[in-house]
Amino acid sequence: MNKTEKFASDIKRIKKANRLGDSFNMGAALKDMERLFEGQNSSFGQLAASLFDWWKNEWARGPEFEDFALEKLLAINAFLNQEEDTDALDKEDWKRLKDEVGYEAENISMDLLSRMMETLVSKGAMD
């Protein structure tokens with residue numbers, strides 16, 4: 001099980017824990033997911049928080065998370081962890097990731113930054 005698969009499993013657990021009957025506590029679930037995402041990606045510092053905020057503002061809508069929104073979050077997590085499960089990200093998403101990485105570049109280790117930039121170039125984010 002890779003990190004993103006583990007992350008997906010933990011997200012399902014969070015969704016279940018924040019459901020009471022027919023109601024879903026979106027606010028509590030978002031806080032739990034944010035802690036999980038930032039904790040798993042703590043080596044990226046503020047970048048993880050910035051990416052989660054972007055995801056939350058862009059896709060976390062409705063009375064409950066749509067599968068599409070969760071796929072985006074899992075893909076962002078896969079990007080950070082250098083895993084292949086990034087199909088949910090489109091060209092605009094890759095450009096936004098490039099911008100977010102650029103904003104936080106000085107606070108990221110050269111090794112992590114180099115790997116992320118390699119992926120961003122391969123995904124056409126620099127075009």
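These figures come from a predicted structure and were not determined experimentally.
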Membership question, hydrophobic clusters at under 4.5 Å side-chain separation (ILVMFWY): are Phe79 and Met110 in the same one? yes
By ring pair (Phe, Tyr, Trp, His ring centres under 6.0 Å), Phe24 pairs with (sequence neighbours left out) Phe65
For residues 100-127, pull every pair meeting ring-ring contact (aromatic ring centres under 6.0 Å, His included), keeping only residues two or more places apart or in separate chains. none
Val101 versus Ile108, closest heavy-atom pair with distance: O-CD1, 4.4 Å
Minimal non-hydrogen separation, Asn2 against Glu5, with atom names: OD1-N, 2.7 Å
For atom CD of Gln82, decide whether the heavy atoms of other residues, nucleotides or ligands shown that lie under 6.0 angstrom number more than 12. yes
Heavy-atom check, side chain of Met33 versus side chain of Leu73, under 4.5 Å: yes
Under 4.5 Å between side-chain heavy atoms, hopping through other hydrophobics if needed: is there a path connecting Phe7 to Phe68? yes
Are any of the side-chain nitrogens in Asp99 or Lys95 under 4.0 Å away from the carboxylate oxygens of its partner? no
Hey, are the side chains of Asn18 and Asp32 touching, using non-hydrogen atoms and a 4.5 Å cut-off? yes
Do you know which two heavy atoms are closest between Ala60 and Leu30, and how far apart they sit? CB-CD2, 3.9 Å
Backbone of Asp90 reached by a side-chain donor or acceptor of Asp93 within 3.5 Å: yes
Taking only residues two or more places apart in sequence or in another chain, which ones pass side chain to side chain contact (heavy atoms under 4.5 Å, CB included) with Lys31? Arg35
Taking all non-hydrogen atoms of both residues, which atom of Ala78 and which atom of Asp85 are closest, and how far apart? CB-O, 3.6 Å
Okay, side chain of Ser114, backbone of Asp111: is any donor-acceptor separation there less than 3.5 Å? no
Tabulate below the donor-acceptor pairs under 3.5 Å that side-chain atoms of residues 37-53 make, not counting sequence neighbours, or state none.
from, atom 1, to, atom 2, distance (Å)
Gln40, NE2, Lys3, O, 3.3
Asn41, OD1, Asn81, ND2, 3.2
Asn41, ND2, Phe37, O, 2.9
Asn41, ND2, Asn77, OD1, 2.9
Ser50, OG, Gln46, O, 3.2

Atom pairs and distances, donor-acceptor, side-chain atoms in residues 120-127, under 3.5 Å, two or more places apart:
from, atom 1, to, atom 2, distance (Å)
Ser122, OG, Thr119, O, 2.8
Asp127, OD2, Lys91, NZ, 3.1

Looking at Asp67, I want to see if its CG is surrounded by more than 12 non-hydrogen atoms of other residues, nucleotides or ligands under 6.0 Å. no
Nearest heavy-atom approach of Ala69 to Trp55 is O-NE1, 2.7 Å
Can you name the side-chain hydrogen bond (donor to acceptor under 3.5 Å, both in side chains) partners of Glu83, sequence neighbours left out? Thr4
Please report the interatomic distance CG(Leu74) to CG(Leu89), rounded to the nearest 0.5 Å. 10.0 Å
Could you tell me whether Glu100 and Arg96 make a salt bridge, using a distance below 4.0 angstrom between a side-chain N and a carboxylate O? yes
Has Lys15 got a side-chain atom pairing as donor or acceptor with Ala29's backbone, closer than 3.5 angstrom? no
